[in-house]
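Each chain gets a letter, A, B and so on, in the order its sequence line appears, and its residues count up from 1.
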Protein chains: 2
Amino acid sequence: MTKTAAAKAKPRFARVDADLRRQMLIEAAIRCLAEGGIAAFTVDRISREANVSRGLINHHFDGISGLLIEVYEAMTQSMLAAGRETLFFEGGPEERLTAVIDTMFRAPMFSKSSLRAWLALWGEVATNPRLKASHRKSYDAYRRAIGDALSEIAKARKVKLDAEALAMTVIALIDGLWIEWCLDSSVVDRDSARAAVYAVLEARLGPLKR
Amino acid sequence: MTKTAAAKAKPRFARVDADLRRQMLIEAAIRCLAEGGIAAFTVDRISREANVSRGLINHHFDGISGLLIEVYEAMTQSMLAAGRETLFFEGGPEERLTAVIDTMFRAPMFSKSSLRAWLALWGEVATNPRLKASHRKSYDAYRRAIGDALSEIAKARKVKLDAEALAMTVIALIDGLWIEWCLDSSVVDRDSARAAVYAVLEARLGPLKR
DNA sequence: TTCCTTGTTATACATTCGTTCAACAAGGAA
DNA sequence: TTCCTTGTTGAACGAATGTATAACAAGGAA
C-alpha cells in the first residue's frame, strides 16, 4: 500500500455544510466549558475536541469571542426550547407552571455538564456587555412565562399575590439550587431541590398538581 | 539634582511585612476578579494593580493557582467574618437569623464588585477540587448557622419544619438573587431581594421581627 | 472527465501567559 | 557607621494564546 494509494483511499478530511460545522463547533465548545470552565475555552482545546484544525474556528466565527457569544445564545435557545414544548402546553396555568419547573430539574438542563457550562458563562456575563444583553432578553421571556402562569393561578384561587416578584423568587431559587448541587452534590439532590421549589410555591398558592 | 541624589531621596520601593504584602496582593487580585472576571486573574494584571513587580507573586504565593486558592479562602473568611458578629449575636434565634440575612444584603457582601468576584470564583469551584473542598466547608458552617436558628424558631412557635431543607432553600435563594441582581440590576434591587427572602420565610414561620 | 467553489489544513506571527533566577537594596541589628 | 537578612526587582525563558494567510483538496457542477 503506497502513500498515494492510502491518500486516495481515505480523504484527509470530510467537508461539512457550514451551518452543521458551526453547530458541531459550538457543541464542542460547550463540552470544553463543562469540563474545564472558561479556562478551557481556547482555540486549541475546542478545535481538538471537534477534531478539526485550529484555523477553522476563525473561518466560521468572528474569532474566539464571537464563538463565545454564539455558544451563549445556543445554550439559552436550547433552554427555552426545552421549555417551549411546555410553555405552549395545552392545559391550564397549573400544568404549564409545573411543566416549566420540572423541565429545569430534568436532563438536559439538570446535568452536571450543562450546569457547569452555565456557571462558567455567568462569570463572563457579568463582564461582557454583549452577553449581558443576550441574558437579559432570554430571562425576560423566562420570567414572563412563569409570572403569567402564577398570575392566572392566583386569580383562579382568589389569592392576593405579586406574581412578578414571586416569579423572580422562583427563578432565583432554581438558579441557586443549581449552584448548590453543582458545587456540592452532597447537600442537595434532584428531588429535594425540586421539592424546595414546590414548597415555596405551595406555601403561597396552596397545593399544586404535580 | 543628580541621579544618585534622587535615588537616595526616594527609595525605589518600600519593603512591607510579608503578611501585609500577601494581604495587599490578595486584595488586588479580588479587584481584578471583580473588574474582568477570571480572565483578568493574571500575574501581569494583579501585580500592576498592586503596584509591584511581576516576580513578587511567586515569591509570596505558590504560583498564580496558589494565589487563587488563598483569594477564595480570604473571601469566604470575610463573608463568615461579616456574619460572625451576627452569628454569635446576643439575643434570640430570630435576631440571629435576621442579622445573618441582612448581612447578605448589605455592603460589603451586597456590592457589584464583591458579587462579580464570587461569580467568577464559582465558575472555578466547579472545576478545581481544592476550591471545592474549601467551598464545602464554609457553606456547611453557613448552612448550620441558619438551620439552627430556624430550628429554634420553629420549635418556639410550635411549627413543624424541616429546618435543614429550609436553610438550604434560603441560601440558594440568596445566591440566586445575587446572581439576578449582578447580571441584570433592572429586575431586582436590594430591597426587593431582601423582601423576597423574608416572604419565603414568613410564609412558613409567620411574621418575623425585622 | 474537467473545472471551480469553498470548506479545511497548516504554518507563521506577535502577544501574553506563568515561572525561574540572579542581582539589587531597604531597613533593622550590631 | 557596618553588616546582613529578606523583601523586591527586572530580565529571560519556553509554552500557550488568538489571528492572519497561503496552500490544499473535497465534492458537486458542467
Side-chain angles (χ1 to χ4, degrees), chain A residues 3-29 32-33 35-71 120 124 128 130, chain B residues 3-29 32-33 35-71 120 124 128 130:
Chain A
K3 198 171 183 180
T4 49
K8 289 228 183 233
K10 197 170 281 185
R12 293 203 296 133
F13 59 89
R15 296 171 74 94
V16 171
D17 176 76
D19 283 334
L20 177 58
R21 180 66 81 189
R22 288 167 58 89
Q23 190 183 328
M24 291 169 67
L25 284 167
I26 287 172
E27 283 168 9
C32 290
L33 224 39
E35 273 182 40
I38 198 69
F41 198 90
T42 68
V43 172
D44 272 313
R45 284 200 59 160
I46 295 168
S47 58
R48 202 185 324 131
E49 176 71 32
N51 289 313
V52 297
S53 68
R54 287 162 40 79
L56 205 56
I57 287 177
N58 266 282
H59 179 72
H60 285 293
F61 297 93
D62 184 17
I64 190 71
S65 60
L67 175 57
L68 181 64
I69 305 287
E70 303 219 22
V71 161
E124 295 303 298
N128 188 320
R130 284 185 63 187
Chain B
K3 199 169 182 179
T4 49
K8 291 230 180 223
K10 198 169 281 184
R12 295 203 295 131
F13 59 89
R15 297 170 74 95
V16 171
D17 176 76
D19 284 333
L20 177 58
R21 180 67 83 189
R22 288 167 57 90
Q23 190 182 329
M24 290 169 67
L25 284 168
I26 287 171
E27 284 168 7
C32 290
L33 225 40
E35 273 182 41
I38 198 69
F41 200 89
T42 68
V43 173
D44 272 312
R45 284 201 58 161
I46 295 168
S47 57
R48 202 183 326 131
E49 176 72 31
N51 289 313
V52 297
S53 69
R54 287 162 42 80
L56 203 57
I57 287 177
N58 266 283
H59 178 72
H60 286 292
F61 297 93
D62 184 16
I64 190 71
S65 61
L67 176 57
L68 181 64
I69 305 287
E70 302 219 21
V71 160
E124 296 302 299
N128 188 321
R130 285 185 63 189

- Query: CZ/A/R48 to SG/A/C32 distance, rounded to the nearest 0.5 angstrom?
  - Reply: 8.0 Å

- Item | Heavy-atom pair of closest approach, residues B/F41 and B/L67 | CZ-CG, 3.9 Å

- Does a side-chain heavy-atom distance below 4.5 Å link B/V52 with B/M24? no

- Item | A/R54 side chain to A/V43 backbone, donor-acceptor under 3.5 Å | no

- Query: Nearest-Å distance, CG (B/D44) to P (D/dA16)?
  - Reply: 18 Å

- Using Watson-Crick or G-U wobble pairs with both distances under 3.5 Å, give me DNA chain D in dot-bracket, 5' to 3', with [ ] for crossers and | for pairs to another strand. ||||||||||||||||||||||||||||||

- Item | Side chain to side chain, B/H59 and B/R21, heavy atoms closer than 4.5 Å | no

- Whole-Å distance between C/dC21 C1' and B/I57 CD1? 17 Å

- Rounded off to whole Å, could you give me the CZ-to-P distance for the B/R48 and D/dG10 pair? 14 Å

- Item | Separation of A/L33 CG from A/I46 CD1 (nearest 0.5 Å) | 8.0 Å

- Spacing of A/N128 atom CG and A/L68 atom CG [to the nearest 0.5 Å]: 6.5 Å

- State, yes or no, whether a side-chain contact exists between A/I69 and A/D62 at a heavy-atom distance under 4.5 Å. no

- Please work out if B/F61 contacts a base, only the sugar-phosphate, or nothing of the nucleic acid, heavy-atom cut-off 4.0 Å. nothing

- Query: Hey, are the side chains of A/D19 and A/R22 touching, using non-hydrogen atoms and a 4.5 Å cut-off?
  - Reply: yes

- Query: In B/S/- notation, 5' to 3', how is nucleotides 2-10 of chain C contacted by protein heavy atoms closer than 4.0 Å?
  - Reply: ----BBBBB

- Task: Could you tell me the separation between the CZ atom of B/R22 and the C1' atom of D/dG7, rounded to a whole number of Å?
- Result: 13 Å

- Query: Nearest-Å distance, CZ (A/R45) to P (D/dT17)?
  - Reply: 9 Å

- Task: Write down the distance between CG (A/L68) and P (D/dG18), rounded to a whole number of angstrom.
- Result: 11 Å

- In whole angstroms, how far is the C1' atom of C/dA12 from the CG atom of A/N58? 14 Å

- note: A/I64, atom CD1; D/dA16, atom C1'; distance rounded to Å ~ 13 Å

- Task: Output the single nucleotide from C/dG27, C/dC17, D/dG18 whose closest atom is nearest the side chain of B/T42.
- Result: C/dC17

